[in-house]
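Okay, structure first, notes after.
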Amino acid sequence: MTFVKGFTTGALTSFACFYVYNSRISTARKKYAEDAESIIKQNRVVISSDDPMLEDVNKLENQRKILKYGIPDKGPEYNVYENHVLNYDQARKIPSWVAEHITQDKLKGEANRKHSHFKPDPNLNSKFNAGNDDYLKSGWSRGHMTPAGNHKYKQTAMNDSFYLSNVVPQNYENNAGFWNRFELYCRDLTKKFKDVRVITGPVFLPDLEESEDKIFIKYQLIGKRQVAVPTHLYKVVIAESNNNNNNLIALGAFIVPNKPIGYDKQLTDFMVPLEILEEKTGLTMLPKLDQSMTKNLCSVDSCQLMSRDKFELYFIARRLQTAKNLDQLNKIYNEIAEKKLKPDDYLIKLFKEKEWQLKEKELMGKKHQKEL
DNA sequence: CGGGCAAACAGC
DNA sequence: GCTGTTTGCCCG
C-alpha cells in the first residue's frame, strides 16, 4: 500500500536539515534518504509500508515537528554527590530514590553533623527546590534518605547528605526510633558483608482500610512549596561478601509506614518482594542484577534490629559524651536507672572516664578563680 | 544515632 | 527595624 501526499517548502527544508545533521544515518540509509530527496524534489513524499527505511525517515521528521519546542524535561535522570547518587522528583519536591554504598571504612572518621546544615540543594533547578521553611513547624521532621552517619569518613560527604534533595518529611518518632534502628542495622551489616548497597526513598500508597469501592492515594503537602509527605518509606538492601571464593549476594526490600513504629514490630514485618516495591514506586531498582543469584537477606541474616534496652543505652552513651559538667553527666546517667536499664561495661567505663575528666576540669576552674 | 527550638548575634 | 544565621540546650 502506498500513500502519496503533497508537501510544503517547510517540509523540504526540515527534511534537508534532518538529512544533513543526522550523521547516524548509515550508508545504506543514505541511499534511501537520497531517494527520498529526489522524490521530494518532485514535490511528493512517498510513505510506503513495505519501505521500512523511508518510513523511519518520515517518523523522525514527524517527531521533529511534534517536538519543535523541545522535549518536556522532568530534570536530570540522576545527580551525583560525594558519596551518594539520587533522582529528584521535581513535582513532589523530594527524592524518588537515593543510592549509596556503605563500607566499614566509610563509617569511621571525624565528620560530625554539628558542622552540617540542612539547606536547599544548589544543584537543582531552584524552581523545584524545597526550603527549610517548608519543614519548619510543619509537624514533620527532615528525614535523611542516606543518613548522615553513613558518611563519617568525610565532612564534605556528610554535608552533601544535608541537602534537602536527600530529605523527605518524616514522622519524628519514626525517624528517631524504628527508622534510626533500621539505619543502624544497615551499618551493622558491614561487619558481615564487605559491600552493602542501599537504595532509599518515599512510597505513596492508598489506605486500603479507609477506602471502600474506590481507591485513593491521599497525602499531605507542607509549606508554601507544597512538599509531599510520603505515606511510606522504602529501602532496598543488597549485602555482598565473597568469602572462600563463595560469592554471596543477599537482597532485601522493605516498606515502612511513615508513622511511629513500636518495639513490638520486627523488621521482617515490613519485608516485601522486590517486585511489589518496584510496582509501587514505578522503578526497576536493580536492572543489572541477576536476581536468581541472590538470597533472601533475612534468611542469611537475622534481620534483627537493636533491642529497646540496647538502643536506649546507645544514645544515652552518645549524650554522655557531650556532657559539659558533672551535674549534667549525672543527670544523664540517672536516666539509666529511671528507665530500669542495665548499663553495660562500655557505658560504665565511659561514665567513669567522663566523670574524671569533668572533675579535673572543674577543679582547674576553681583553681583559676582563686588565682584571680 | 536521629532530630528540634529559642536566644543571641550579624547584616541590611 | 526586620530577617537570616549561628549557638547552646533540649528530647527520643
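Residue numbers begin at 1 in each chain, while the letters A, B, ... track the order of the sequences. Nothing here was measured: the structure is a model prediction, and the numbers come from that model.
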Query - Between C/dC11 (P) and A/Phe311 (CZ): distance, integer Å - result: 16 Å
Query raised in the report: Could you give the CZ-to-P distance, from A/Arg308 to B/dG2, as a whole number of Å?
Result: 21 Å
Report summary line: To the nearest angstrom, the CG-P distance between A/Leu107 and B/dG2 comes to 11 Å
Query raised in the report: If you look at every strand shown and take non-hydrogen atoms under 4.0 Å, does A/Glu173 touch a base, only sugar-phosphate, or nothing?
Result: nothing
Report task. For the pair A/Phe254 and A/Phe182, name the ring-plane relationship: parallel under 30°, tilted 30 to 60°, perpendicular over 60°. Result -> perpendicular
Query raised in the report: Within the pair A/Lys324 and C/dC9, is there a side-chain N or O less than 4.0 Å away from OP1 or OP2?
Result: yes
Query raised in the report: Nearest to the side chain of A/Arg113 - C/dG8, B/dC1, B/dG3?
Result: B/dG3
Report summary line: Side-chain contact check for A/Ala148: nearest option of B/dC1, B/dG4, B/dG2 is B/dG2
Report summary line: Atom CZ of A/Arg319 and atom C1' of C/dG8 are separated, to the nearest Å, by 15 Å
Query - Linked, directly or transitively: A/Leu205 and A/Tyr219 (ILVMFWY side chains, under 4.5 Å) - result: no
Query raised in the report: Is the distance from OP1 or OP2 of B/dC1 to the nearest side-chain N or O of A/His144 less than 4.0 Å?
Result: no
Query raised in the report: Quick one: A/Asn132 CG to C/dT6 P, roughly how many Å, whole number?
Result: 12 Å
Query - Carboxylate-amine/guanidinium contact A/Lys259 A/Glu173, below 4.0 Å - result: no
Query - Side chain of A/Ala176 (C-beta onward), nearest among B/dC1, B/dC5, C/dG12 - result: C/dG12
Query - Protein-nucleotide distance (A/Phe162, atom CZ; C/dT5, atom C1'), rounded to Å - result: 16 Å
Query - Modelled atom types, side-chain donor and acceptor of A/Asp121 and A/Asn123, under 3.5 Å - result: yes
Query raised in the report: Are OP1 or OP2 of B/dC5 and a side-chain N or O of A/Lys137 less than 4.0 angstrom apart?
Result: no
Query raised in the report: Base, sugar-phosphate, or nothing for A/Lys331, non-hydrogen atoms under 4.0 angstrom?
Result: nothing
Query raised in the report: Just checking A/Gly149: base, sugar-phosphate only, or nothing, at a heavy-atom cut-off of under 4.0 Å?
Result: sugar-phosphate
Query - Nearest listed nucleotide, side chain of A/Phe315, among C/dG12, C/dC9, B/dC5 - result: C/dG12
**Report entry** Euclidean distance, atom OH of residue A/Tyr263 to atom C1' of C/dG12 [Å, nearest integer]
**Finding:** 8 Å
Query raised in the report: Between A/Asn175 and B/dG3, is there a side-chain N or O to OP1/OP2 distance below 4.0 Å?
Result: yes
Query - Residue mapping more 5' on DNA chain B - nearest nucleotide basis, A/Trp140 or A/Asn112 - result: A/Asn112
Requested in this report: Anything under 30° is parallel, anything over 60° is perpendicular, the rest tilted; go ahead and classify A/Phe311 against A/Phe315.
Outcome: perpendicular
Query raised in the report: Does the aromatic ring of A/Tyr172 sit over the six-membered base ring of C/dG12, closer than 5.5 Å centre to centre and tilted less than 30°?
Result: no
Requested in this report: Start with the C-alpha distance between A/Phe204 and A/His232, add both sets of side-chain angles, then the distance that settles ring-ring contact (aromatic ring centres under 6.0 Å, His included), and finish with yes or no.
Outcome: CA-CA 6 Å; A/Phe204 296 83; A/His232 297 69; 9.4 Å; no
Report task. Side chain of A/Ser141 only, please: which of B/dG3, C/dC11, B/dG2 is the nearest? Result -> B/dG3
Report summary line: Ranking A/Lys339 and A/His117 by the position along DNA chain C of their nearest nucleotide, the one closer to 5' is A/His117
Report summary line: Rounded to whole Å, the CG-P distance (A/Asn180 to B/dG4) equals 13 Å
Query raised in the report: Would you say a side-chain N or O of A/Gln328 is under 4.0 Å from OP1 or OP2 of C/dC9?
Result: no
